[in-house]
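These notes concern the structure reproduced below.
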Amino acid sequence: MGKGDYCMRGMKNSSLQLLAVLIFLLIAAIALAKHNKVTKTNSESNKSSIIQLGTAEVKQLIGEMGDRLYLLDVRELNEYKEGHILGTTLISLGELESKLAELNPQQPILVICRSGIRSNIAAQLLIKNGFKQVYNYQGGMLSWDGNLVVE
């Protein structure tokens, strides 16, 4: 066997080793992709979402849950004083992030504002910070046709 045959055999062995490494990496990549897909699916299914409610649904929810439901008004103080739903707590949207520790992430929470826009932003912030059961009053106080507390 000549010197050239030995070199060819060495190249074949190197090629086979490279092929084996590439196959191993491909299998590992597929396994990792499947793991990431399962993890992503599980985390998405565990993720809470905002429940959007209209006026009739808000009234029903308040009636059914009573004191177990935390009513959070995220308007400004002057708006709140003009009229709010009995039992609401005022924490303006601008202050909410700094006051999250004062709220219980396990308690159902209904977020209220003037029209439903700021309350939806606040609800997103709550979900992002681990709150589990968050309701947004879509129409806000512009849609409210029930009793008001005026200060």
Side-chain angles (χ1 to χ4, degrees), residues 12-151:
K12 285 182 184 177
N13 284 341
S14 295
S15 296
L16 287 175
Q17 288 174 345
L18 179 60
L19 183 60
V21 168
L22 289 174
I23 291 172
F24 172 77
L25 289 175
L26 180 62
I27 292 169
I30 291 169
L32 181 61
K34 284 184 179 180
H35 170 74
N36 286 342
K37 184 176 181 180
V38 168
T39 303
K40 183 178 180 184
T41 302
N42 287 343
S43 66
E44 286 174 357
S45 64
N46 292 335
K47 197 175 200 179
S48 298
S49 61
I50 301 164
I51 302 163
Q52 304 289 341
L53 302 177
T55 302
E57 296 162 312
V58 165
K59 289 179 177 181
Q60 182 179 352
L61 186 69
I62 292 170
E64 289 173 0
M65 289 195 164
D67 291 340
R68 292 180 298 136
L69 180 65
Y70 189 87
L71 303 174
L72 174 63
D73 195 318
V74 295
R75 295 178 296 162
E76 297 298 320
L77 179 60
N78 61 325
E79 296 173 287
Y80 183 79
K81 285 183 175 183
E82 290 174 2
H84 57 271
I85 299 171
L86 180 66
T88 57
T89 300
L90 175 66
I91 302 175
S92 69
L93 179 58
E95 297 177 328
L96 182 58
E97 191 164 13
S98 66
K99 296 192 174 192
L100 287 174
E102 298 175 17
L103 304 175
N104 179 357
Q106 302 305 317
Q107 183 177 15
I109 186 166
L110 171 65
V111 190
I112 304 162
C113 72
R114 181 177 167 271
S115 66
I117 296 172
R118 284 177 284 177
S119 58
N120 196 53
I121 293 168
Q124 290 174 22
L125 177 67
L126 293 169
I127 292 290
K128 180 181 164 190
N129 284 278
F131 286 74
K132 303 295 180 208
Q133 199 172 352
V134 180
Y135 301 90
N136 178 47
Y137 182 13
Q138 281 184 315
M141 294 305 293
L142 290 176
S143 298
W144 183 251
D145 61 3
N147 295 329
L148 290 176
V149 177
V150 179
E151 295 178 16

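Within 6.0 Å of atom CG in Leu86, 12 or fewer heavy atoms from other residues, nucleotides or ligands are found, so the atom counts as exposed in its surroundings.
Distance CG/Leu148 to CD1/Ile85: 7.5 Å, rounded to 0.5 Å. We find the CD-CD1 distance between Gln133 and Ile109 to be 11.0 Å, quoted to the nearest 0.5 Å.
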When the side chains of residues 89-107 are checked against the rest of the protein, which donor-acceptor pairs come out under 3.5 Å, sequence neighbours left out?
residue : atom : partner : partner atom : Å
Ser98   : OG   : Glu95   : O            : 2.8
Asn104  : OD1  : Gln106  : N            : 2.8
Gln107  : NE2  : Arg68   : O            : 3.2

Distance-only check: which donor-acceptor pairs under 3.5 Å involve side-chain atoms of residues 112-128, not counting sequence neighbours?
residue : atom : partner : partner atom : Å
Arg118  : NH1  : Glu79   : OE1          : 2.9
Arg118  : NH2  : Glu79   : OE1          : 3.4
Arg118  : NH2  : Glu79   : OE2          : 2.8
Ser119  : OG   : Gly116  : O            : 3.2
Ser119  : OG   : Asn136  : OD1          : 2.4
Asn120  : OD1  : Gln52   : NE2          : 2.9

Distance-only donor-acceptor hits, side chain of residues 60-67, under 3.5 Å, sequence neighbours excluded:
residue : atom : partner : partner atom : Å
Gln60   : NE2  : Glu64   : OE2          : 2.8

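Among pairs with a residue in residues 97-136, none fulfils ring pair (Phe, Tyr, Trp, His ring centres under 6.0 Å), at least two apart in sequence or across chains. Within the structure, the ring pair (Phe, Tyr, Trp, His ring centres under 6.0 Å) test picks out the following pairs touching residues 81-117 (sequence neighbours left out): Tyr80-His84. Applying the side-chain hydrogen bond (donor to acceptor under 3.5 Å, both in side chains) rule to pairs touching residues 139-151 yields Lys59-Asp145, sequence neighbours excluded.
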